[in-house]
Trainee: 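Please see the structure below; I have some questions.
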Amino acid sequence: MKKIEAVVANINDLSDGEMRQVSVGETEILLSRIDGKFYAVGAHCSHYKAPLADGVLSGHHVVCPWHNAYFDVTTGDQLEPPGLDSLACYEVRIEGENVIVSVAEQTTGLRSPTMAQFNANADGRTFVILGAGAAGVHAAEALRVAGYQGRIVMITQDDRLPYDRTKLSKDYFIGETSSEEMPLRSPDFYKEHAIEVLLNKRVEQVQTTAKAIAFTGGDSLTYDALLVATGGKPVQLDIPGADLQNILTLRSFNDIDRILTLIKQKGQAVVIGSSFIGMETAAGLSQHGLQVTVISPDSVPFEKTLGQEIGKIFQQVHEENGVSFKLGRKAVQFEGNDKVEAVILDNGDRVKADIVIVGIGVQPATDFLKGIDLHPKDGSVVVDEYLRAADGIYAAGDIARYPDWQTSESLRVEHWRVAAQQGRIAAHNMAGKAVKFRGLPLFWTMQFKFPLRYVGHAESWDEIVVDGDLQKQEFIAFYVKNNQVLAVATSHRDTETAAISELMRLNQMPTVEELRRGTVDLIQR
């Protein structure tokens, strides 16, 4: 393959622990200097193509500024999701004081991770993954990365290959991503790596003692190890009229396509729920030209997750874009003849509706599991620090209740990145390694032009320390409990968010007093 090369820097341009973006022809490269040696890898994250030079270099790895994927800058290997691919790694040599990088004439800047080849003679076991969301797809690939050569079967009740679910209520909803761009991998990729993907398969029962899966229709499958990654199923409103047409939830590709078909007639839409799925749906519906009303028992959106002040900013942004709110209220009835026509509230108000989207949360999809105890609160699967639920059984993603390594509290977190992290860790443990889950929750949202990143997890807090300007939507908010930062919400502070993610991982966050004084440089700390 033909290569091109160029002088990209002087050896004195970068100190140890520094990085910068450079170019060789049309190829953008991340150049870094570690322990006196120069390294060159692809310049953009394999997730959404964020410029890694805007992230944070810590030791041998860079933290992506957008959604905090980690990459080893000496090898290009991906260390933490949400991306799937690793970075291309380029040849570097020094001539005199010149740093010269050589690249293939045509390169994407990315590469598939190195994976073991399927070999039934070497390993006759069958590992099954139930679910093809973030946890499932990352687990399937991580099994091969971990060296597993046996059979991999990934099972989903969906009718299409694994796709980026986070885009359903964001970019896909508003037309910035096409259906062709949604799949995470091609059919050829799964074929090449001998990952069987069974579509349209509904599990009737898993008998954990017999290590057997029974499907609707009568067929079955036995396994040697099982990862349960079935995610959540939307909570429905059990009120009169709930069976009327045009009352929907948003969880799957089919859900969003049905919504997009219905809203072509415009009209009036009601969204029930003011957390992430509800508010993203409200933003999407508004951008399609509908009159949108959000109904929620909370006093402001995101009240339980982000608090009053930031919740009010989200409400303000939505109202500036035409969204109305009925807060502190509950829906008690749907009215209509065949199709929904109105939502009746607990104070008697009647809100007209041509379509209703119910976004009040999900519950773990685990009712098919037999032979293991489920958590009495929500039916989640209780796992240990290795994400193991029982001998040969692991759980990851929305259904997994795990011990938090920072607080020892029992957590269940419904975030795409957490699911991806847990899928990878569970896979390595299925393959015979002993890797503890030490991931940090991170989620993101973009509503109209207001972006938010959230690192960590805080179900309650004593105070919120704010650096920046909330009204200008440029801030860092530290959620503090018992004099410890449990979570951080940011907007338009991406590089600092990457630094926070790394500091929290290393347990090196500044003290609360330092944060109150505003004297901390998070990036240089």
Side-chain angles (χ1 to χ4, degrees), residues 1 3-6 8-9 13-14 17-34 38-92 99 101-114 134 137-138 141 145 163-164 166-167 170-171 176-178 180-186 189 416-417 420-421 424 442 444 446 451 453 492-499 501-502 523:
M1 185 178 294
K3 292 187 176 183
I4 57 175
E5 62 180 35
V8 296
D13 289 344
L14 274 71
E18 287 190 334
M19 62 181 178
R20 67 169 56 172
Q21 184 171 308
V22 297
S23 296
V24 176
E26 299 295 319
T27 302
E28 295 177 330
I29 292 165
L30 183 70
L31 182 72
S32 57
R33 181 172 180 172
I34 308 292
F38 288 88
Y39 299 91
V41 295
H44 298 278
C45 179
S46 61
H47 183 223
Y48 287 172
K49 312 306 181 189
L52 294 172
D54 290 345
V56 170
L57 184 62
S58 176
H60 285 200
H61 64 260
V62 61
V63 186
C64 173
W66 290 0
H67 306 129
N68 296 180
Y70 283 53
F71 299 92
D72 188 324
V73 296
T74 68
T75 64
D77 291 344
Q78 182 188 243
L79 305 175
E80 286 277 352
L84 284 166
D85 280 331
S86 294
L87 305 175
C89 190
Y90 305 115
E91 179 186 340
V92 181
V99 181
V101 175
S102 174
V103 305
E105 193 170 35
Q106 292 184 336
T107 177
T108 64
L110 304 175
R111 61 176 174 82
S112 294
T114 303
V137 71
H138 279 266
E141 297 192 22
V145 172
Y163 53 86
D164 188 340
T166 65
K167 290 185 177 181
K170 299 180 179 74
D171 293 354
E176 292 186 356
T177 296
S178 68
E180 291 76 18
E181 296 173 295
M182 291 291 284
L184 294 168
R185 294 295 196 190
S186 69
F189 177 90
W416 178 264
R417 184 172 183 263
Q421 289 173 306
R424 287 164 60 96
L442 177 133
W444 62 91
M446 170 71 82
R453 312 272 189 265
H492 291 110
R493 301 281 287 270
D494 290 349
T495 302
E496 287 157 297
T497 306
S501 180
E502 179 67 353
I523 298 172

Trainee: Considering only heavy atoms from C-beta outward, does the side chain of Y90 approach that of T27 to under 4.5 Å?
Mentor: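 In short, these two side chains touch, coming nearer than 4.5 Å.
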Trainee: Is the shortest heavy-atom distance from the side chain of Y48 to the side chain of H67 under 4.5 Å?
Mentor: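 Side chain of Y48 against side chain of H67, heavy atoms only: contact under 4.5 Å found.
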Trainee: Going from OG1 on T75 to NE2 on H60, what distance comes out if it is rounded to the nearest 0.5 angstrom?
Mentor: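 Reported to 0.5 Å precision, the distance equals 10.0 Å.
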Trainee: Using side chain to side chain contact (heavy atoms under 4.5 Å, CB included) as the criterion, point out the one residue from V8, V99, V101 that pairs with V22.
Mentor: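 With V22 as partner, V8, V99, V101 yield a single side chain to side chain contact (heavy atoms under 4.5 Å, CB included), made by V8.
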Trainee: Applying side chain to side chain donor-acceptor pair (under 3.5 Å), name anything that partners E176, two or more places apart in sequence or on another chain.
Mentor: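 Checked E176 against side chain to side chain donor-acceptor pair (under 3.5 Å); zero matches.
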Trainee: Where is the tightest heavy-atom contact between R33 and L14, given as atom of each residue plus distance?
Mentor: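 Closest pair (atom of R33, atom of L14, distance): NH1-O, 2.9 Å.
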Trainee: How far does CZ of R417 sit from OG1 of T166, to the nearest 0.5 angstrom?
Mentor: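 The distance works out to 13.0 Å.
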Trainee: Report yes if some heavy atom in the side chain of D171 is under 4.5 Å from a heavy atom in the side chain of M182; otherwise report no.
Mentor: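 Not touching, per the 4.5 Å side-chain cut-off.
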Trainee: Please identify each residue that fulfils ring pair (Phe, Tyr, Trp, His ring centres under 6.0 Å) with W416, with sequence neighbours left out.
Mentor: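 Here no residue qualifies.
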Trainee: List the atom of P81, the atom of H138, and the distance in Å for their closest heavy-atom pair.
Mentor: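 Closest approach of P81 to H138, heavy atoms only: CB-CE1, 3.5 Å.
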Trainee: SG/C64 to NE2/H44 distance, rounded to the nearest 0.5 angstrom?
Mentor: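 Interatomic distance, C64 SG to H44 NE2, rounded to 0.5 Å: 11.0 Å.
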Trainee: Of the non-hydrogen atoms in P65 and A498, which two are nearest, and what is the gap between them?
Mentor: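 Nearest pair, atom of P65 first, then A498: CA-CB, 4.1 Å.
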Trainee: Tell me if a side-chain donor or acceptor on S186 pairs with a main-chain N or O of F189 at a distance below 3.5 Å.
Mentor: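 A pair under 3.5 Å: yes.
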Trainee: Please find the pair of heavy atoms, one from R111 and one from D77, that lie closest to each other, and give the distance.
Mentor: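 So the two residues come closest at NH2-OD1, 2.5 Å.
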Trainee: Holding to ring pair (Phe, Tyr, Trp, His ring centres under 6.0 Å), I want the full list of residues that pass it with H61, two or more places apart in sequence or in another chain.
Mentor: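 Listed in chain order: Y70.
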Trainee: Minimum heavy-atom separation for S501 and N68, please, with both atom names.
Mentor: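 Looks like CB-OD1, 3.0 Å.
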Trainee: Given 3.5 Å as the limit, does a donor-acceptor pair link the side chain of R453 with the main chain of R493, or not?
Mentor: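 No.
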Trainee: Are W444 and L442 packed together at the side-chain level, in the sense that at least one heavy-atom pair is separated by less than 4.5 angstrom?
Mentor: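 W444 reaches L442 side chain to side chain.
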Trainee: Evaluate the side-chain proximity of Y39 to M19: yes if any heavy-atom separation is below 4.5 Å, no if none is.
Mentor: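 A side-chain contact under 4.5 Å is absent here.
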Trainee: What distance do E18 atom CD and L31 atom CG have between them, rounded to the nearest 0.5 Å?
Mentor: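 That separation rounds to 10.5 Å.
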Trainee: Pair K167, E181 - check side chain to side chain contact (heavy atoms under 4.5 Å, CB included), show working.
Mentor: CA-CA 10 Å; K167 290 185 177 181; E181 296 173 295; 5.5 Å; no
Trainee: Sequence neighbours excluded and cut-off under 3.5 Å, please list the side-chain donor-acceptor pairs for residues 50-59, or say none.
Mentor:
| residue | atom | partner | partner atom | Å |
| --- | --- | --- | --- | --- |
| S58 | OG | E502 | OE2 | 2.7 |

Trainee: If you take all heavy atoms of L84 and R185, which pair is closest and at what distance?
Mentor: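 L84 and R185 have their closest heavy atoms at CB-NH2, 3.5 Å.
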Trainee: Can a donor-acceptor pair be found, under 3.5 Å and without considering hydrogens, that links the side chain of S86 to the backbone of Q78?
Mentor: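 Side chain of S86 to backbone of Q78: a pair is present.
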Trainee: Apply salt bridge (Lys or Arg N to Asp or Glu O under 4.0 Å) to E5 and list each qualifying residue two or more places apart in sequence or on a separate chain.
Mentor: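 Salt bridge (Lys or Arg N to Asp or Glu O under 4.0 Å) list for E5, sorted by chain: R93.
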Trainee: Would you say that I523 contacts E496 through its side chain, given a criterion of any heavy-atom pair below 4.5 Å between the two side chains?
Mentor: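 I523 vs E496: side chains touch.
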Trainee: With rounding to the nearest 0.5 angstrom, report the CD1 to OG distance, I29 to S102.
Mentor: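 Result: 9.0 Å between the selected atoms.
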Trainee: With sequence neighbours left out, what residues match E105 under side chain to side chain donor-acceptor pair (under 3.5 Å)?
Mentor: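 E105: no side chain to side chain donor-acceptor pair (under 3.5 Å) contacts found.
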